[in-house]
Amino acid sequence: MRLLSIVAAAVLLSAQPARTVLVFGHLWDGTKMLDDVVVTVDGDRIASVDSGQKQVPAGATDLRRYTAIPGLIDLHTHITYYWDRKPGTRPLGQRRRPAVTVFLAQDNARRTLETGVTTIRDLGASGEADFAMRDLVAMGAMPGPRMFVAGQGISARAGAAPNPDAMKQAVEDRIKAGADWIKVYGSRGSFDSVDTTQTITFDEMKAIVDAAHALGHKVAIHSYGPSGVKDAVRAGADSVEHGIDLDDETIAEMARRGTVWVPTIDHNRYYVDAKDEFGFKPEAIPPLQDYIAKNLESTRRAVKAGVKIGMGSDAVYSMFGQNTRELEWMVKAGMTPAQALATATTTAAELLDQKDKLGRIAPGFAADIVAIEGKPLENINDVITGVRWVMKDGLVVVRK
Ligand SMILES: [Zn+2]
């Protein structure tokens with residue numbers, strides 16, 4: 001026991017980052033492009049960023065063939081949804097103890113880091129497995145993206161009458177248990193179901209948002225359909241997840257309030273591609289395709305109206321490793337690559353109340369840096385396929 005704890009302490013100690021100097025050919029700092037850039041990292045923070053440096057300092061890590069971008073933020077994951085791919089099994093339906101899930105889900109965490117995502121907001125887990133993963137990653141005991149987590153999402157009990165007081169109590173219980181965020185299932189819809197039926201009333205949403213805000217926590221409300229999105233926005237949700245057929249009034253209200261919309265367009269593309277793994281029926285596919293088209297159309301209108309958009313993959317099971325494919329949809333919705341990157345950097349960091357720590361490569365910010373092969377500001381696909389090296393908190397976590 002004593003020997004083990006000494007070994008563990010030594011591993012953590014040796015992982016303590018020191019002063020590192022990095023050189024990039026180009027660097028997008030979250031606001032602008034710089035050329036010939038030397039970045040100095042002190043411990044887990046960025047100390048300096050200097051452009052126009054033609055000489056490579058002695059001892060520097062030479063990454064001049066790459067373009068650096070800030071570590072990316074995925075605003076919607078379910079990282080504890082793990083599938084071991086055992087023949088004859090499906091992703092849904094495997095049951096195991098939470099501690100076993102935490103151990104196995106390291107694989108999802110590793111795949112996520114490999115996409116350049118160094119921070120996630122995890123919106124729904126059972127058995128408090130997400131709390132454990134968050135804490136292990138923060139301790140440096142488990143490699144993975146830093147995590148902001150919600151615990152078990154709040155949903156309405158089938159057949160029960162609306163009960164705002166019970167919702168308020170649920171919020172207080174989640175926060176006491178250790179949730180950073182409150183996740184609400186405001187409608188049906190998930191996996192092969194695109195059922196848009198609202199399940200939580202406006203009054204309940206309002207009770208949830210007020211209770212969370214009173215305790216200094218934020219709220220993300222899931223809604224597949226327009227009425228749930230409308231009520232979530234009016235109730236003061238900090239972010240709204242999914243959604244189609246948004247009316248102009250709701251879009252204008254999101255823009256006015258600064259509500260972040262996380263459309264998660266790509267997750268239904270994933271369900272279509274992974275239909276055989278899940279065993280979805282052929283008749284489930286056209287409604288998924290139809291949802292994607294409507295989801296994209298509403299995103300296009302929201303982009304035009306100046307709504308803050310966030311990148312969320314809604315990754316589950318075998319979707320980890322595809323976390324950033326949502327960026328391509330952002331460009332299809334009318335954004336420039338820089339605007340698409342903002343959905344996973346500055347806008348996401350602001351939503352997480354981390355705008356002075358995450359989402360930029362600048363002095364004082366966390367040393368989360370991704371080296372991309374290609375031209376990320378010209379071709380967003382280079383971000384999706386061109387990640388070659390990732391630093392998180394001053395430590396190199398991916399090297400390809
Ligand atoms: Zn989700």
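Just follow the structure's listing: the first ligand is 1, and inside any ligand the first atom is 1.
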Under 2.8 Å from the Zn ion (ligand 1) - protein N/O/S, by chain and number: His76 NE2, His78 NE2, Asp314 OD1
Keeping to residues at least two apart or across chains, list the ring pair (Phe, Tyr, Trp, His ring centres under 6.0 Å) pairs with something in residues 288-318. Tyr81-Tyr317, Tyr224-Tyr291
Side chains of Ser239 and Glu241: donor-acceptor distance under 3.5 Å anywhere? yes
Parallel, tilted or perpendicular for Phe278 and Tyr271, by the 30°/60° rule? perpendicular
Hey, could you give me the CE/OG1 distance between Met147 and Thr112, rounded to the nearest 0.5 Å? 9.5 Å
Under the ring pair (Phe, Tyr, Trp, His ring centres under 6.0 Å) definition, can you give me all pairs with a residue in residues 335-377, not counting sequence neighbours? none
Could you tell me which residues satisfy side chain to side chain donor-acceptor pair (under 3.5 Å) with Asp247, sequence neighbours excluded, listed by chain and number? Lys230, Thr250
